[in-house]
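Here is the structure we will look at.
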Number of protein chains: 2
Amino acid sequence: MTDETGRAPRRRADARRNESALLDAAAAVFVASGVEAPVRDIAAKAGVGVGTVYRHFPTRADLVVAVYRHQVEACAVAGEEALERADSPFEALRRWIDVFVDFLVTKHGLAGALQSDDPQFQVLHAYFLDRLLPVGTRLLEAGVAAGEVRDDVTAIELMRGVGGLCIGPADDRYDVRHTVGVFLDGMRAPAR
Amino acid sequence: MTDETGRAPRRRADARRNESALLDAAAAVFVASGVEAPVRDIAAKAGVGVGTVYRHFPTRADLVVAVYRHQVEACAVAGEEALERADSPFEALRRWIDVFVDFLVTKHGLAGALQSDDPQFQVLHAYFLDRLLPVGTRLLEAGVAAGEVRDDVTAIELMRGVGGLCIGPADDRYDVRHTVGVFLDGMRAPAR
DNA sequence: TCGACAAGCGGAACTTAGTTCCGTATTGTT
DNA sequence: AACAATACGGAACTAAGTTCCGCTTGTCGA
């Protein structure tokens, strides 16, 4: 392994054009039809062949991650900010989860894909966990340190739990935010 | 509408045989491959053609409901029993949810199907809600009356929330029961 | 500017799965 | 036994994922 610079070789201009067209098209199609929309639809919207989609994004999860990467990063950052700005660690947790829920409920089908056991989505699951678990851990730890959060909940429980509560069709009898609020209340440290 | 007795006309013997073979086959295939297993697999296991599957169970949800009807009934009954037998309404709620979670986590893919927005599963969703919502409501109301459960949670939140928490692949970092326990703790009435 | 060659493209073709439909077989009845 | 009515099987059609290969285009050195 000599000469391993890790620098990606410059790609052809059309390849870069197509990738960006695909990202735009996928974002639009995901909004309209959810993250499980047919690959052909995305290819058509981008004006490319299906082969091109697969060349740039081998799995659907790669495409989904690419489309939402910015927002996931922003969500991660929002966690740090909440911790600095909020009145208390628990309040910070609440605010951050609010951001996370907002993100999930506005992306049709994303919460379901995140929790899916379809191997196609494993990369997606892994990416979200990689990026958000440390943030969740920090918030939880701060809460525990302040005596506001019970010490037997893990960041996985938090993220996967909230994700699970966000899954499913809209239904005016089910208020996701309220339910998530109940879940968070369950994480409060019991009064001594 | 003359002569409306509501009694189903007796069906042919082969039809009854096939239906029961299908139920057995579906149960086995659901265990092995989950509730989204290909219709052809079920037909093959039952030794019938795919047309026969559709004739008896027009949608996948119909088949799923038929396979699990007994257990759903049992779960509904368990709610009433818990209320009679447990030391307190909250304890009854906890026990009943335990039964419900047991049921869900042992049926591969069922929780996901329940929450799915695929119209194919609407009947399934509706059946579970029809059967279990009243039970949840009763348990919740008893808890509220006893001052043990907060009065702003609905049975839909309870069922759909717990369902959501049960979705997803097994992962030894995620303990469904513990997470559901946290959720239930969130439903406790706050100390006055 | 102009090849030549690598990089990239498109979409036909193959696979898997859901769903429908109709000619044929089975059942119950007279 | 003969006849309806009922039910069956699986071919055929549709939709979607995925692969593959002949063709096009961009890049770069001469």
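Quick note on labels: first sequence line is chain A, next is B, and so on, each numbered from 1. FYI, side chains are in, hydrogens and waters are out, and symmetry mates aren't considered; it's all heavy atoms of this structure.
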In whole angstrom, what separates [X]'s [atom1] from [N]'s [atom2]?
X: B/Asn18; N: D/dC8; atom1: CG; atom2: P; result: 5 Å
X: B/Arg17; N: C/dA25; atom1: CZ; atom2: P; result: 17 Å
X: A/Arg16; N: C/dC9; atom1: CZ; atom2: C1'; result: 16 Å
X: A/Asp118; N: C/dA17; atom1: CG; atom2: P; result: 12 Å
X: B/Arg10; N: C/dT26; atom1: CZ; atom2: C1'; result: 18 Å
X: A/Asp41; N: D/dG17; atom1: CG; atom2: C1'; result: 13 Å
X: B/Tyr54; N: D/dA11; atom1: OH; atom2: P; result: 16 Å

**Q.** Most 5' of B/Glu36 and A/Gly51 on DNA chain C, judged by nearest nucleotide
**A.** A/Gly51
**Q.** Whichever of B/Thr59 and B/Arg55 has its nearest DNA chain C nucleotide further upstream toward 5'
**A.** B/Thr59
Q: Verify the contact: side-chain N or O of A/His56 to OP1 or OP2 of C/dC9, cut-off strictly under 4.0 Å; return yes or no.
A: yes
(Q) Please tell me whether A/Val64 and A/Ile167 are part of a single hydrophobic cluster in this structure, the criterion being side-chain heavy atoms less than 4.5 Å apart. (A) no
Q: Could you walk me through whether B/Arg94 and B/Asp185 pass side chain to side chain contact (heavy atoms under 4.5 Å, CB included), step by step?
A: CA-CA 10 Å; B/Arg94 203 185 268 295; B/Asp185 285 344; 3.1 Å; yes
Would you mind telling me which of [options] lies closest to the side-chain atoms of [X]?
X: A/Ala13; options: C/dT20, D/dT19, D/dT27; answer: D/dT27
X: B/Gln120; options: D/dC8, C/dC9, C/dT19; answer: C/dT19
X: A/Asp14; options: D/dG9, D/dT25, C/dT19; answer: D/dT25

With 3.5 Å as the limit, what N/O pairs link the protein to nucleotides 1-5 of chain D?
none

Q: Indicate, yes or no, whether a donor-acceptor pair under 3.5 Å links the base of D/dT27 to the side chain of A/Arg11.
A: no
Q.
Taking donor-acceptor contacts at under 3.5 Å, does the side chain of B/Arg40 reach the base of C/dG18?
A. yes
Q.
Are the side chains of B/Leu63 and B/Ile42 in contact, using a 4.5 Å heavy-atom criterion?
A. yes
Q | Heavy-atom side-chain proximity of A/His108 to B/Asp117 below 4.5 angstrom | A | yes
(Q) Under a 3.5 Å cutoff, is there a donor and acceptor pairing between the side chains of A/Gln120 and A/Thr59? (A) no
**Q.** Salt-bridge criterion met for B/Arg138 and B/Glu80 (N-O under 4.0 Å)
**A.** yes
Q.
So that I can tick it off, tell me whether A/Lys45 and A/Asp24 are bridged by a salt bridge, with the cut-off set at under 4.0 angstrom between side-chain N and carboxylate O.
A. no
Q: May I ask you to say what A/Val50 touches in the nucleic acid, namely base, sugar-phosphate or nothing, with a heavy-atom cut-off under 4.0 Å?
A: base
